[in-house]
Structure formats: C-alpha cells, structure tokens
Amino acid sequence: QVQLVESGGGSVQAGGSLRLSCAASGYSVSRYCMAWFRQAPGKEREGVAIISAGGVGTYYADSVKGRFTISRDNANNILYLQMNSLQPDDTAMYYCAAGAGCQLARYGMDYWGKGTLVTISS
C-alpha cells in the first residue's frame, strides 16, 4: 500500500510558526512530486506548495509566498512544510499529497494523507 501520514499540526497565535511533516511509506518519495494542500471550513481545497521529485523546483500559492517553505528529505521519505508568520486565514486542515503529475492541483495528485489541523488564533 501507499500511505502518507501528516504530523505537526496544532494551535498557534498569529505571527507564530509551525513545521508540518509528512511521512511516506509504500513507495520512494523520490519518484514523485509532492505537495501540500489545505482546506478551511466552508472553502474548497487549495494548493499551498509543491516540490519536484528531485527537490530542485518549488512553487507556492501567492497567499503563502515568502512565509512558507516546502522541502523534502528523500533519503528518509519525509516532506516538510515550514510555516512562518502565521495568520488566522491560514487556519485549515493541511493535507500532504504525492503524484506523477507535477501540478499544484487535485488532478495532479495520486495519493493523499488524512490531514493535520492547523489553527491560528488572533
């Protein structure tokens, strides 16, 4: 089986930081682009950031540019999302995803984690 498991979510005040992790099993993460998505209550799931299979190329949603950093540790099959300067609008369920299609869109992702909740208070 292929499994992605997120961790690192929690509650933090505005201006704080969190680091999310996604542990992969069942396949080598080096074979796929990997991405983070998020979904807030009442909103559709949106792409946050994506990283190429080799970890060289990255792309970020405008809403998080300059604040979030996506990275990967292929040797240990882990994807990370460092989130700084967090704001209440960042409150959402955050999902890890992997896929052969390297597009920050749902259709480009083949595998999904169950999510980890991030709550930012004012």
Enquirer: Quick one: are C102 and Y59 in side-chain contact, heavy atoms under 4.5 Å?
Expert: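 No. Closest side-chain heavy atoms not under 4.5 Å.
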Enquirer: Do S17 and V12 come within less than 4.5 Å of each other through their side chains, counting heavy atoms only?
Expert: no
Enquirer: Has the side chain of Q103 got a donor or acceptor atom that lies under 3.5 Å from a matching backbone atom of Y107?
Expert: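 Pair absent, no side-chain N/O of Q103 close to backbone of Y107.
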Enquirer: Quick check for you: to the nearest 0.5 Å, what is the distance between T69 atom OG1 and R19 atom CZ?
Expert: 10.5 Å
Enquirer: Who passes ring-ring contact (aromatic ring centres under 6.0 Å, His included) against Y95, sequence neighbours left out?
Expert: none
Enquirer: Over all heavy atoms of both residues, which pair between A92 and A40 is shortest? Give the atoms and the distance, please.
Expert: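 That closest heavy-atom pairing would be CB-N, 3.8 Å.
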Enquirer: Taking all non-hydrogen atoms of both residues into account, name the closest pair between G99 and D110 and its distance.
Expert: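 In terms of heavy atoms, the two residues are closest at CA-OD2, 3.5 Å.
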Enquirer: Rounded to the nearest 0.5 Å, what's the gap from CZ on R38 to CD on E44? Could you check?
Expert: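 Spacing of CZ (R38) from CD (E44) equals 14.0 Å.
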Enquirer: Only pairs at least two apart or in different chains count here, so list each salt bridge (Lys or Arg N to Asp or Glu O under 4.0 Å) that has a residue in residues 66-77.
Expert: R67-D90
Enquirer: Quick check on side chain to side chain contact (heavy atoms under 4.5 Å, CB included): which of N84, V48, L18 does F68 satisfy it with?
Expert: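 Only match with F68 under side chain to side chain contact (heavy atoms under 4.5 Å, CB included): V48.
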Enquirer: Quick one: side chains of residues 112-122, donor-acceptor pairs under 3.5 Å with protein atoms, not counting sequence neighbours, listed by atom name and distance.
Expert:
{"unit_1": "T116", "atom_1": "OG1", "unit_2": "G9", "atom_2": "N", "d": "3.2"}

Enquirer: May I have the step-by-step check of side chain to side chain contact (heavy atoms under 4.5 Å, CB included) for Y80 and L20, ending in yes or no?
Expert: CA-CA 6 Å; Y80 298 103; L20 305 183; over 6 Å; no
Enquirer: Between E6 and C96, is there a donor-acceptor pair closer than 3.5 Å when you use the side chain of the first and the backbone of the second?
Expert: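 Yes, the answer is positive, given that a donor and an acceptor are paired below the 3.5 Å cut-off.
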Enquirer: When rounded to the nearest 0.5 angstrom, what distance separates CG in L104 from OG1 in T58?
Expert: 11.0 Å
Enquirer: According to ring-ring contact (aromatic ring centres under 6.0 Å, His included), who are the partners of Y111, at least two apart in sequence or on a separate chain?
Expert: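 For Y111, the residues satisfying ring-ring contact (aromatic ring centres under 6.0 Å, His included) (neighbours in sequence not counted) are Y27, Y32.
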Enquirer: In Å, rounded to the nearest 0.5 Å, how long is the span from CG of L4 to CG of L79?
Expert: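 Rounded to the nearest 0.5 Å, the CG-CG separation comes to 8.5 Å.
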Enquirer: In sequence, state the C-alpha distance, the side-chain angles, and the governing distance for M83 and Y94, and then conclude on side chain to side chain contact (heavy atoms under 4.5 Å, CB included).
Expert: CA-CA 11 Å; M83 305 186 294; Y94 283 71; 3.8 Å; yes
Enquirer: Supply the atom-to-atom distance N77 CG to S25 OG, rounded to the nearest 0.5 angstrom.
Expert: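 Answer rounded to 0.5 Å: 8.5 Å.
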Enquirer: Which heavy atom of Q87 sits nearest a heavy atom of A14, and at what distance?
Expert: OE1-CB, 4.3 Å
Enquirer: Measuring from atom NZ of K65 to atom OH of Y60, what distance do you get when rounded to the nearest 0.5 angstrom?
Expert: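 K65 NZ to Y60 OH: 10.5 Å, rounded to 0.5 Å.
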Enquirer: If you apply the rule side chain to side chain contact (heavy atoms under 4.5 Å, CB included), what do you find for I50 with M109, and how did you get there?
Expert: CA-CA 10 Å; I50 192 166; M109 300 293 110; 3.9 Å; yes
Enquirer: Other members of the hydrophobic cluster containing V56, with the 4.5 Å side-chain heavy-atom rule, please.
Expert: none
Enquirer: Applying side chain to side chain donor-acceptor pair (under 3.5 Å), can you list everything that pairs with S21, at least two apart in sequence or on another chain?
Expert: none
